[in-house]
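The block underneath contains the structure these notes are about, expressed in structure tokens.
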Amino acid sequence: MKTSSLLMSTTRETPADAVVISHQLMLKAGLIRLLAGGLYNWLPLGLRVLRKVENIIREEMNKAQAQEILMPVVQPIELWQESKRDDEYGAQLLRIKDRHGREFILGPTHEEVITDLVRKEIHSYKQLPINFYQIQTKFRDEIRPRFGVMRSREFIMKDAYSFHLNQESLAETYQQMYDTYCNIFTRIGLDFRPVQADTGSIGGDRSHEFHVLADSGEDDIAFSTQSDFAANIELAEALAPSKKRAEPTTKLTKVATPNKHSIEEVCDFLQLKKKKILKTLLVQGATEKYPVIALVVRGDHQLNEIKAQKLELVGEPLTMATEEQIQQAVGCQAGSVGPVNITIPVIADRTAAHCSDFVCGANQDGYHLIGANWDRDANLTIVADIRNIVKGDPSPCGKGKIEIKYGIEVGHIFQLGNKYSTALNANVLNENSRSQTLEMGCYGIGVTRIVAAAIEQNYDHKGIIWPESIAPYQVCIVPMQMHKSPRTKKATIQIYNQLIAMGIEVLLDDRKERPGVMFNDMELIGIPHRIVIGERGLDKGEIEYKHRGDEKSQDINQNEFMEFLTRKLI
RNA sequence: CGGGGUGUAGCGCAGUUUGGUAGCGCACCACACUGGGGGUGUGGUGGUCGCAGGUUCAAAUCCUGUCACUCCGACCA
């Protein structure tokens, strides 16, 4: 390809709207352009990268005996009513009507469609297990699209769905997909981690997310410093302190804390560390008997809503109690609530339950209690893990301490079980001629997001540094004064043609631009291998080579150049 | 959905307070010089100032409404 005929829309200035580096660089390098909120055009260079990612995924999926299919983006609403997910998905599901007034949705995912297909096509256990995948556009009407293609409304996803007669077979394919995902992300050249994850509203039993580690990641991942344990912070268990709780040493005393509500204010006022205070949050209960529940965590900890809402007494989804409810339940404002002399059920976090001589709200506006202790002053009935794990906590795996890093979720695999096959009645006959509900797994990869994630991990002040596997072109040729020097032109065209004949993707910058412009553009768009040809080198019988990640270029003897380059390209 | 910000040429912005001929830089086009890191000069192209309504002799500027984009938060396979 020659740059003279390529749409290479590089810009000098950084667009004001882009905040993360990958978004900025994708715009600057002319990979994508915004059409509307969360909707992007992919320009030629960007699309080449996208296709490379797709092809790696496709090859690895095929290797794992998965079969590629293609399902429609537009799906009839009836399927979603059948699975009861039309309500569950809510506003994120974009609904449309056709000319006859029939309702459709733009597919945010394809569990329903594939399950429908399978219930129609698969009838015998002999056809199992089977694994289908597609690389297809999805649409999710995100509340807040942001970070370019990292969180867009329309995006491309590789989604796979496997079907099984039993749990063992599902577990086998799940493991195979786990390995396949590792192969895919390794081949792409990403620094990634498989992470234990919450199954979320998609349902199911076992789940791993695959995260690319980057500062701009939207997920918090907890790692062990001494093992390969990694879990989404939503899920990571905060262990109970191993030591016994200290005995009370102080008297329970009420102190005035006028207009001090937040943990910070009270700490400031009483000159305390945050960990000496217990934070009491009131949430909606699950039953009429207990409409309000108190959740107690240590002042320096954060409530983990996902853990909390899994508790029996707690309403789902987790909702904070209203002011009226708080007044009615404890007779004071939210900032003065505490577990002492409270009539509603109290659920204490494991670490909070381990505190002694603590400070808490007095259940009276303007007052807190100091020197409070469990059992002596407050009933400790329910203890549970309801906080976010934090840096320095012991790892739940038993080895090492916890470190928190940010991750970009690029893959997610689930063992769904029979949620959809039951809802949609997907059965096969087993070897006893009995109808049996299918077990199901699903496996997603955010294809467009991978492009952004790869940039987040591979860039410098000049621009993108593509991993070789997904670079839009492997090699670029930057000739010096080619339009004035027949010698340079001849050498350039010769190498260009040779590389093309070898099947190498090469980009020749044949624009009548100054060298600086060409260098800057090629570095911005991140082509891994650069060849510079000019009279200066030719006089010495040399051609210049530089890798995008290298500090310096090297001059290679003209006669040995192709051999040299071929070795670099392996 | 709550709170903030911004809409003026392809991009980045000034002009709005105090109403009076639509500006700058980059990009783009032409020519010349230049030529190993976004070079220089000369001359150009391009905007119903997001949209609608109102006030006024006169609106990018003031008022009302509306739409879009964006940031923070909540939300979220």
Side-chain angles (χ1 to χ4, degrees), chain A residues 7-20 23-24 27-28 30 33-39 85 88-93 107-112 138 140-148 151-153 155 157-161 197-204 207-210 218-219 232 234 305-306 317-320 409-416 419-420 441-446 449 461-463 478-485 488 509 511-524 530-539 542-544 546 553 555:
Chain A
L7 177 68
M8 212 170 63
S9 297
T10 54
T11 61
R12 195 183 290 199
E13 282 170 296
T14 306
D17 291 340
V19 288
V20 297
H23 188 196
Q24 290 171 358
L27 291 169
K28 269 184 90 170
R33 288 289 182 263
L34 181 79
L35 173 67
L39 303 174
R85 276 213 297 182
E88 204 176 302
Y89 245 83
Q92 210 182 136
L93 202 55
T109 176
H110 283 74
E111 279 86 10
E112 282 79 2
K138 310 280 185 206
R140 294 180 192 175
D141 203 355
E142 293 282 350
I143 299 170
R144 181 141 103 91
R146 59 183 135 179
F147 304 154
R151 181 170 291 273
S152 51
R153 293 197 292 175
F155 58 98
M157 188 173 192
K158 186 286 301 176
D159 47 328
Y161 308 90
D198 184 64
T199 50
S201 69
I202 203 160
S207 176
H208 282 88
E209 288 169 354
F210 290 79
E218 293 187 271
D219 292 291
N232 196 304
E234 294 172 348
E305 301 193 3
I306 295 195
L318 188 103
T319 315
M320 288 305 188
E409 184 187 349
V410 291
H412 202 159
I413 58 178
F414 300 84
Q415 291 188 25
L416 285 178
K419 174 171 172 171
Y420 298 93
C442 89
Y443 320 93
I445 291 181
R449 183 180 279 184
H461 64 283
K462 290 172 176 170
V478 184
M480 298 291 110
Q481 333 294 5
M482 182 175 70
H483 300 280
K484 288 218 176 133
S485 160
T488 304
D509 200 341
R511 294 175 298 175
K512 268 187 170 164
E513 284 289 356
R514 302 176 66 82
V517 174
M518 297 196 277
F519 288 143
N520 278 310
D521 272 345
M522 291 303 131
E523 280 160 346
L524 174 59
R530 186 183 77 186
I531 301 169
V532 179
I533 303 170
E535 297 216 332
R536 193 188 288 178
L538 293 176
D539 285 343
E542 287 174 345
I543 288 170
E544 179 189 311
K546 182 175 174 295
S553 60
D555 297 317

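This structure is a prediction, so every number in the text was calculated from the model and none was measured. Throughout, a chain's letter reflects where its sequence line sits, starting with A, and its residues are numbered from 1.
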Would you compute the distance between atom CD of A:E523 and atom NE2 of A:H461 and round it to the nearest 0.5 angstrom?
8.0 Å
What is the distance from CG of A:L35 to C1' of B:A68, rounded to the nearest Å?
13 Å
Out of B:G37, B:C76, B:C75, which nucleotide sits closest to the side chain of A:R530?
B:G37
When you measure from the side-chain N and O atoms of A:R144 to the phosphate of B:C72, is any distance below 4.0 Å, counting only OP1 and OP2?
yes
Partner of B:C75 under the Watson-Crick or G-U wobble criteria, both distances under 3.5 Å, comes out as none
For atom C1', what is the distance between B:G46 and B:G2, given to the nearest Å?
41 Å
Both distances below 3.5 Å, Watson-Crick or wobble geometry, any strand: find the nucleotide opposite B:A60.
none
Could you say whether A:F147 or A:E523 is positioned toward the 5' end of RNA chain B, judged by the nucleotide with the nearest heavy atom to each?
A:E523
Between B:A60 and B:C13, how far apart are the two C1' atoms, rounded to whole Å?
15 Å
Could you give the distance separating B:U56 and B:G19 at their C1' atoms, to the nearest angstrom?
9 Å
Considering only side-chain heavy atoms of A:R12, which listed nucleotide, B:G25, B:C71, B:C26, is closest?
B:C26
Nucleotide nearest A:Y89 when distance is taken to its side chain, options B:G37, B:A77, B:G73:
B:A77
Applying the 3.5 Å cut-off to both distances, the Watson-Crick or G-U partner of B:C51 turns out to be B:G65
Just verifying a value: how many Å separate A:L524 CG and A:K28 NZ, rounded to the nearest 0.5 Å?
6.0 Å
Taken to the nearest whole Å, CZ/A:R146 to C1'/B:C72 is 9 Å
How close or far is atom P of B:G73 from atom CD of A:E218, stated in whole angstroms?
10 Å
Can you tell me how far the CZ atom of A:R514 sits from the CG atom of A:N520, to the nearest 0.5 Å?
12.0 Å
Ring centroid separation A:H208 to A:F210 under 6.0 Å
no
Would the base of B:C76 count as contacting A:R151 through its side chain, where contact means a donor and an acceptor less than 3.5 Å apart?
yes
For A:N520, answer base if it contacts any base atom (sugar-phosphate contacts may also be present), sugar-phosphate if it contacts only those atoms, and nothing otherwise; contact means non-hydrogen atoms under 4.0 Å.
base
Atom NZ of A:K158 and atom P of B:A77: how far apart are they, to the nearest Å?
19 Å
Take the protein atom CE of A:M320 and the nucleotide atom P of B:A74, then report the distance between them rounded to whole Å.
11 Å
Confirm from the modelled atom types if A:R514 and B:G39 form a donor-acceptor pair under 3.5 Å, side chain to base only.
yes
Between atom NZ in A:K512 and atom C1' in B:A32, what is the gap in whole Å?
13 Å
Using a heavy-atom cut-off of under 4.0 Å over every strand shown, decide if A:E513 touches base, sugar-phosphate, or nothing.
base
Nearest-angstrom distance, C1' atom, B:U55 to B:U64
11 Å
A:V19 has its side chain closest, among B:C71, B:C69, B:A77, to B:C71
Output for pair (A:H110 NE2, A:Y420 OH), nearest 0.5 Å, gives 13.5 Å
If we take the P atom in both B:C62 and B:U6, what is their distance in whole Å?
12 Å
Is A:E305 touching bases, backbone alone, or none of the nucleic acid, heavy atoms closer than 4.0 Å?
sugar-phosphate
Could you work out the separation of B:U45 and B:C69 based on their P atoms and round it to a whole Å?
34 Å
Under 4.0 Å, counting only non-hydrogen atoms across every strand here, what does A:V478 touch: a base, just sugar-phosphate, or nothing?
nothing
Taking the C1' atom of each, how far is B:U61 from B:A22, in whole Å?
12 Å
Toward the 5' end of RNA chain B, by each residue's nearest nucleotide, A:A36 or A:S553:
A:S553
If you round to the nearest 0.5 Å, how far is CZ of A:R449 from CD of A:E409?
6.0 Å
Of the non-hydrogen atoms in A:M480 and A:T488, which two are nearest, and what is the gap between them?
O-CG2, 3.5 Å
Would you kindly give the CD1-to-P distance between A:I143 and B:C76, to the nearest whole Å?
7 Å
Should the side chain of A:E13 and the base of B:G25 be counted as holding a donor-acceptor pair, with the cut-off at 3.5 Å?
yes
Looking at A:E111 and A:K419, is there a salt bridge between them, counting it only when a charged N and a carboxylate O are closer than 4.0 Å?
no
Which nucleotide wins on minimum distance to the side chain of A:K484, given the candidates B:C75, B:U34, B:G38?
B:U34
Quick note, A:F414 side chain, CB onward, closest among B:A77, B:C72, B:G37 is B:A77
What nucleic acid atoms does A:G534 come within less than 4.0 Å of, heavy atoms only: base, sugar-phosphate, or nothing?
base
Rounded to whole Å, how long is the line connecting atom CG of A:L34 with atom P of B:G12?
11 Å
Pick the P atom in B:U48 and in B:U8, then give their distance to the nearest Å.
12 Å
Just name whichever nucleotide pairs with B:G43, Watson-Crick or G-U, keeping both distances under 3.5 Å, else none.
B:C29
